[in-house]
Amino acid sequence: MDLEYSADEMAFREIVRTFVRAELPADIAGRVLDHRRLSRDDHVRWQDILARKGWLTGHWPRRFGGLDWTPVQCHLFDEETAAAGAPRLIPFGLNMVAPVIMAFGSPWQQSHYLERIRQNLDWWCQGYSEPGSGSDLASLRTSAVRDGDHYVVSGQKTWTTYAQHADMIFCLVRTAQGARRQEGISFLLIDMHSPGITVRPIILLDGEHEVNEVFFDAVRVPVENRVGEEGRGWTYAKYLLGHERTNIAGVGASKREVRSLRELAEQLRRDGQPLARVESIARRIAEIEIDLMALEMTVLRVLSARTEAPGPEASILKLRGTEIQQAITELAMDMAGQFALPFVPQAFESGGVGEGVGPSALAPLAARYLNMRKVSIYGGSNEIQKNIIAQTILGL
Amino acid sequence: MDLEYSADEMAFREIVRTFVRAELPADIAGRVLDHRRLSRDDHVRWQDILARKGWLTGHWPRRFGGLDWTPVQCHLFDEETAAAGAPRLIPFGLNMVAPVIMAFGSPWQQSHYLERIRQNLDWWCQGYSEPGSGSDLASLRTSAVRDGDHYVVSGQKTWTTYAQHADMIFCLVRTAQGARRQEGISFLLIDMHSPGITVRPIILLDGEHEVNEVFFDAVRVPVENRVGEEGRGWTYAKYLLGHERTNIAGVGASKREVRSLRELAEQLRRDGQPLARVESIARRIAEIEIDLMALEMTVLRVLSARTEAPGPEASILKLRGTEIQQAITELAMDMAGQFALPFVPQAFESGGVGEGVGPSALAPLAARYLNMRKVSIYGGSNEIQKNIIAQTILGL
Amino acid sequence: MNFTLTEEQSLLGDAIDRFNADRSRRRGVDASEGRGRPEATGESMRALWAGLAELGLAGLLVPETYGGSQAGVGGSMADVMVMMQAAGRALMVEPLVATAVIGATLLEADTDLTRRAQYLDRLVGGDLLVALAHAEPDASASMFRVTTRAQAQGDVYVLDGRKSVVLDGGDADLLLVSARVSGSADEAHGVSLFVIDASAPGVVRRDYATLDGHRACELMLDAVRLPASAMLGAPGEARALIEHALDRGSAALCAEAVGVMETLLAHTTEYLRTRQQFGQVIGRFQVLQHKAVDLLVHLEQSRSMAYLACLRADAPDRDEAARAVSAARVSMARSARAFAQTAIQLHGGIGMTDELPASHHARRLSLIEFWLGTREQHLDRYMALAARDEATSSA
Amino acid sequence: MNFTLTEEQSLLGDAIDRFNADRSRRRGVDASEGRGRPEATGESMRALWAGLAELGLAGLLVPETYGGSQAGVGGSMADVMVMMQAAGRALMVEPLVATAVIGATLLEADTDLTRRAQYLDRLVGGDLLVALAHAEPDASASMFRVTTRAQAQGDVYVLDGRKSVVLDGGDADLLLVSARVSGSADEAHGVSLFVIDASAPGVVRRDYATLDGHRACELMLDAVRLPASAMLGAPGEARALIEHALDRGSAALCAEAVGVMETLLAHTTEYLRTRQQFGQVIGRFQVLQHKAVDLLVHLEQSRSMAYLACLRADAPDRDEAARAVSAARVSMARSARAFAQTAIQLHGGIGMTDELPASHHARRLSLIEFWLGTREQHLDRYMALAARDEATSSA
């Protein structure tokens with residue numbers, strides 16, 4: 001038993017740190033650290049930089065062009081990049097569809113799509129939820145009807161994050177009516193530029209455009225774009241879900257945000273004293289920090305217990321990870337006091353148009369607080385995670 | 001709209017206060033205020049004093065020998081007696097079986113049993129729960145078989161509070177197997193001194209003997225002791241439940257306990273300072289006090305909205321009442337620090353044998369903390385209360 | 001003790017509900033959908049306010065002598081409670097708290113009787129929007145730290161300073177500004193209240209939206225020169241008045257929160273009763289049922305505390321009033337936050353959208369939680385008052 | 001980074017589990033039922049302790065030179081973690097923390113090498129029970145307030161004072177007592193540690209049970225005369241040593257909590273899977289499922305923090321060690337309380353009875369939560385250390 005990083009791991013951390021310090025564009029880092037809006041281009045630029053270094057896919061197996069990073073290396077990479085203010089990696093290609101293609105994809109899909117993801121050539125999005133099937137994913141109704149060597153896809157997906165930016169979407173579609181609803185579902189890779197696809201923005205309560213409705217009107221998809229066997233999509237989707245949740249723990253980013261809370265506490269004053277010296281505030285920061293230590297240790301335990309993707313215990317990480325993320329923004333609101341109220345959408349643009357309305361660090365806060373309500377809803381709501389844990393781990 | 005007590009109400013409060021000051025035996029009040037164990041005799045003595053004054057049943061209608069107190073008068077009586085350290089009134093006769101007998105009992109039952117309750121001649125207990133039917137009361141199996149002008153009762157009740165003291169028990173028994181489980185249940189009044197009744201103590205986690213198992217081995221009960229019609233016991237039981245919960249809000253006692261917290265905070269020191277000056281402690285006391293204000297206002301709203309027994313909103317009072325009671329003892333534990341650990345059963349006896357083990361006010365604390373876990377379980381667990389609210393008030 | 005509305009009060013509540021329903025119908029949206037924001041409909045705030053004034057809302061607290069509180073209703077905080085609950089139900093954005101509650105309270109205390117009559121007359125008629133500018137950028141635990149300076153120079157005062165998050169301040173005709181004529185930042189005495197025309201030279205307002213769709217402003221006072229008569233009340237002794245006005249405002253917000261919760265709970269249970277997942281309505285899931293129950297419990301507690309705050313805000317014993325109001329604010333703040341978060345969570349993704357009313361109600365609850373003092377500020381105030389009370393009673 | 005037990009550690013855990021299972025079989029009760037209290041079985045604590053010493057538990061932390069830590073296991077806090085988790089699983093009441101962890105740590109630091117060898121030899125053999133008497137009746141936020149006085153009079157020290165809630169102090173042969181040779185109550189320097197025979201004149205112990213069935217005592221020192229040699233280590237410089245011993249003790253408690261939670265979770269889910277109400281097992285009710293999930297989450301967090309505490313308690317950087325241990329205690333304290341309360345609630349009435357193991361586990365969790373520092377004390381300590389760390393790194 002040993003909690004310390006090995007010499008090799010420390011060296012790896014140092015290499016990542018040095019690289020990030022040199023290569024992460026300052027304007028992007030500034031926007032991340034100040035909680036401003038990131039453009040598509042910000043994400044692409046940073047991911048291109050990593051792709052050139054081979055680090056976009058450092059966690060992939062070597063046979064698919066990855067570097068076989070260990071779980072601890074992945075954790076260190078996440079921590080170092082997050083700390084420096086790198087944008088989070090858009091996970092849909094890298095961490096969601098890629099493992100499915102690796103495990104179940106055809107040789108062509110593997111050589112074509114994985115290579116393009118590795119080079120950061122495609123922006124992927126995820127076509128799972130539908131208006132009638134949110135938590136109850138298996139009730140999905142978007143249909144794919146075989147027509148020669150194509151499927152003709154019709155239906156609607158919703159809550160599709162960044163569909164407005166995407167080149168590709170991976171979709172669960174119904175190719176047959178099974179006896180069980182989980183049967184007859186297939187897993188398709190669809191070009192977002194195909195005729196018949198329409199994207200409609202959904203504006204969230206913070207005024208932002210992150211998610212979309214995606215409409216499919218007789219969209220023709222080559223059969224070779226089906227992953228694995230027809231009708232077995234549910235199996236692949238479950239495989240994928242295990243991967244998605246791991247990332248949601250978000251330890252690296254939360255550590256950065258706790259540091260930012262500490263800075264805010266030094267900067268903001270109450271009765272002339274920095275908030276850091278107000279006991280009730282200092283205690284809450286300390287408690288969040290301690291919760292985050294417990295989460296980080298749990299992530300490391302789960303990661304080092306297995307080389308395979310973590311199972312249902314990933315749900316625990318998602319639960320605690322999102323609770324901590326929400327606690328951080330709530331505390332920031334309480335620290336802001338009256339300045340929790342201004343809602344200045346321009347503040348999201350770099351340059352701080354929030355100026356003149358309280359401390360500029362607080363300008364995007366109300367929107368961020370509202371936005372963070374989503375983390376306990378998406379990727380399987382926290383209630384669904386608890387159902388999974390109760391059934392799978394506790395056998396209830 | 002007016003939040004102030006009327007002149008009449010103020011006068012009533014003064015009369016109660018004066019009486020209690022003069023008549024409540026000091027030894028009993030001392031035990032209540034110091035959280036020591038009360039004997040059967042303590043309860044009986046105090047209830048006799050009230051009975052002589054007619055106040056044991058002040059809340060009863062005049063036609064049954066009561067004084068027709070208004071809900072506000074009842075609230076003031078509860079508050080004044082609790083504040084002075086009076087034992088809580090044993091509710092099983094006064095507030096539980098009495099309303100049922102008033103509403104559904106025979107003239108003989110009304111004249112006989114109600115009069116004996118009014119004079120504090122019988123100690124009642126409640127025979128509802130069985131080993132297999134706790135939350136799911138309707139699954140009860142204790143049987144009553146008709147034999148001439150008697151029922152022969154066999155079976156087992158459990159969690160029977162103070163059965164060891166009781167002269168009478170009101171029981172739900174099964175007189176027939178109905179199509180629905182709620183059918184075929186009858187409501188019997190049984191003499192605890194009847195042959196065939198055995199009481200076995202259940203020792204709780206604090207070492208106390210409060211509850212019991214009660215075994216019925218072919219106990220003969222006169223048919224005239226059945227309340228209302230045979231097979232309609234479920235209706236009477238539901239009627240009763242509405243009454244029981246109201247009392248569980250326990251505002252008067254909680255107000256007394258908050259005062260006791262404040263005294264403790266003046267008495268205990270940390271680093272030479274009274275705890276009352278430690279911000280984190282002072283805040284928690286204030287928050288509990290505020291919660292209690294909200295509860296009291298809600299009780300008064302519910303009470304003044306109707307002269308009938310409150311409906312499902314009583315569940316809200318039970319929920320919040322018990323949460324506050326538990327919060328009070330938890331805070332006391334936190335204030336006690338290391339002195340939360342000693343567990344000195346003798347401390348329950350008056351005279352403070354806890355002496356020599358930290359401040360004597362803390363001697364019964366660990367046991368009280370453990371004991372208070374029960375309030376969210378008994379009288380319909382808080383989960384059951386929420387089910388009731390969801391179904392009855394919210395229509396879910 | 002009596003929690004019953006008078007018939008007039010019931011009628012007032014109904015009238016406001018009807019007014020809002022009519023207005024929504026005209027706009028083609030549901031009354032409870034929180035689509036009331038003028039900028040969303042192109043209507044002018046002035047016109048809307050005039051409509052409300054006709055209903056008697058602008059002058060609800062104003063004594064009959066000045067044209068307010070007619071037809072047996074008005075003049076008391078109990079009436080304000082009824083009004084604000086209705087306002088909350090429909091997510092009204094008009095400056096009821098700023099003008100009709102806080103503004104009216106302050107103007108009624110004006111010792112310049114001519115001006116008082118003039119302003120109150122305009123206020124009752126809907127012709128005068130007022131905002132109190134009191135809080136400053138450097139937050140204080142007490143809510144009564146004032147560093148804005150009013151320097152006497154001959155027979156004028158020169159005001160310098162900055163006021164923050166002045167709700168409805170951007171639209172106001174009249175700004176009531178607290179400024180220090182003497183003493184240090186936290187001293188109770190030495191604060192005066194000035195009546196300033198919003199168009200006075202040196203007054204700069206930076207207007208912005210708040211997270212719920214209200215508007216607020218930052219107010220910069222740069223050598224604003226005012227005649228001595230601009231002072232409302234005795235020099236340096238405005239704190240008690242401001243505190244009373246803010247307490248009335250806080251009590252009004254407690255009542256507004258109740259209205260918002262009522263509608264949001266109705267929306268949420270309706271959603272739970274209709275949304276299907278896993279072959280049944282999601283309201284059948286016990287965990288969601290219990291969370292909905294938590295909402296109801298928050299609502300009922302908040303309702304109780306709104307009574308307490310509104311019916312005690314005008315108590316003759318100022319400490320008692322303040323203690324009740326701050327207790328209510330502490331309780332309401334916690335409930336408002338938990339309520340907003342839980343209601344969104346129960347709606348799932350759709351609760352996150354701007355499209356659905358739920359998010360609008362949740363945002364209003366956040367505004368109410370933070371305006372006129374945070375939970376911690378009110379808790380500290382409650383504690384200080386409780387300590388003072390104990391010191392007195394044991395003395 | 002590596003969370004895997006060595007083979008020897010796994011064997012140690014198994015051996016303790018087996019030992020407890022055997023013992024329970026002999027007593028005719030289930031190993032996990034918390035019926036291990038000697039007074040309940042008529043067994044003597046001495047005999048039980050001798051058995052554990054044979055297993056190597058008494059001397060687990062003692063270096064091999066003194067006869068401890070044999071067969072490739074022992075000598076590290078990682079081994080203690082394994083031991084304490086097993087101890088928690090079976091609710092052992094023997095003085096593992098008092099003697100084998102805290103006592104051994106202190107005695108090993110003895111600079112009197114002959115005495116060190118002698119005592120450690122007896123300790124390893126199970127022939128010496130030790131208790132640290134440090135906390136005093138007047139609680140302090142720092143946990144290091146010492147007012148017990150050791151007055152030098154010629155070549156003896158005279159001790160006067162009182163120590164509170166000395167866990168396992170009533171049975172101890174040897175009391176290790178912190179007392180002040182100079183300075184004021186809260187000063188870091190000036191505290192010495194004295195080795196006192198429990199039968200020394202002037203030593204009075206008032207023995208009592210704690211809420212979980214352990215025993216503790218109040219220790220009254222009334223002019224206890226000790227030779228100068230009774231002092232362990234350098235005069236006035238015992239604080240660092242005591243702090244290290246307490247940190248090891250706290251880390252051990254974190255591990256014990258994990259063991260208790262493991263068994264209690266197993267009991268609780270078993271109950272949920274078998275108890276029937278409303279025609280189904282109650283484990284089908286979603287609300288109860290989610291509460292059981294909360295238990296699991298608390299367990300997994302506590303397990304993570306037990307690793308952190310145990311593997312960092314001996315870190316060369318004492319501040320780092322202290323920060324990790326206090327963080328773990330804060331997290332564990334909250335989890336222990338919530339876990340105990342929720343587990344009882346999930347059991348319903350039966351969880352309130354002395355008869356069922358659940359209540360015994362719950363009570364042990366309460367003991368662990370409060371012993372060697374409350375949640376608030378550890379949080380304050382963590383904050384003070386974090387502040388010190390920041391001051392250093394920014395300097």
### Message
Give me the atom names and distance for the closest heavy-atom approach of A/Met333 to C/Phe370.
### Response
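Reported closest heavy-atom pair: O-CE2, 3.5 Å.
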
### Message
Looking at every non-hydrogen atom in both residues, tell me the closest pair between A/Asp271 and C/Ser142 and how far apart they are.
### Response
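That closest heavy-atom pairing would be OD2-N, 4.5 Å.
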
I'd like to know if the side chain of [X] pairs up with that of [Y] as donor and acceptor (distance under 3.5 Å, no hydrogens or angles considered).
| X | Y | answer |
| --- | --- | --- |
| A/Ser280 | C/Glu376 | yes |
| A/Ser376 | C/Gln345 | yes |
| C/Gln341 | A/Glu330 | yes |

### Heavy-atom neighbours of C/His189 NE2 exceed 12 at 6.0 Å
no

Would you say [X]'s side chain and [Y]'s backbone share a donor-acceptor pair under 3.5 angstrom?
| X | Y | answer |
| --- | --- | --- |
| A/Arg373 | C/Met352 | no |
| C/Gln277 | A/Gly132 | yes |
| C/Asp354 | A/Ile203 | no |

Flag the one option from [options] with the top tally of heavy-atom pairs under 4.5 Å to chain C.
| options | value |
| --- | --- |
| A/Arg269, A/Lys386, A/Arg181 | A/Arg269 |
| A/Ser129, A/Ser139, A/Ser133 | A/Ser133 |
| A/Ala336, A/Ser135, A/Ser381 | A/Ser135 |
| A/Leu275, A/Asn382, A/Ile377 | A/Ile377 |

### Task
Let me know which of A/Val211, A/Leu204, A/Leu205 forms a side-chain contact (heavy atoms from CB on, under 4.5 Å) with C/Thr353.
A/Leu204

Checking heavy atoms, do the side chain of [X], its backbone, both or neither come under 4.5 Å from chain A?
| X | result |
| --- | --- |
| C/Ala216 | neither |
| C/Arg275 | side chain |
| C/Leu288 | side chain |
| C/Gln276 | backbone |

### Query
Charged N to carboxylate O under 4.0 angstrom, C/Arg337 versus A/Asp334?
yes

### Message
Any non-hydrogen side-chain atom of C/His214 less than 4.5 Å from a side-chain atom of A/Phe343?
### Response
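They are not in side-chain contact.
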
#### Entry: Trace of the side-chain contact (heavy atoms from CB on, under 4.5 Å) decision for C/Ile282 with A/Glu383
CA-CA 12 Å; C/Ile282 61 175; A/Glu383 287 80 15; over 6 Å; no

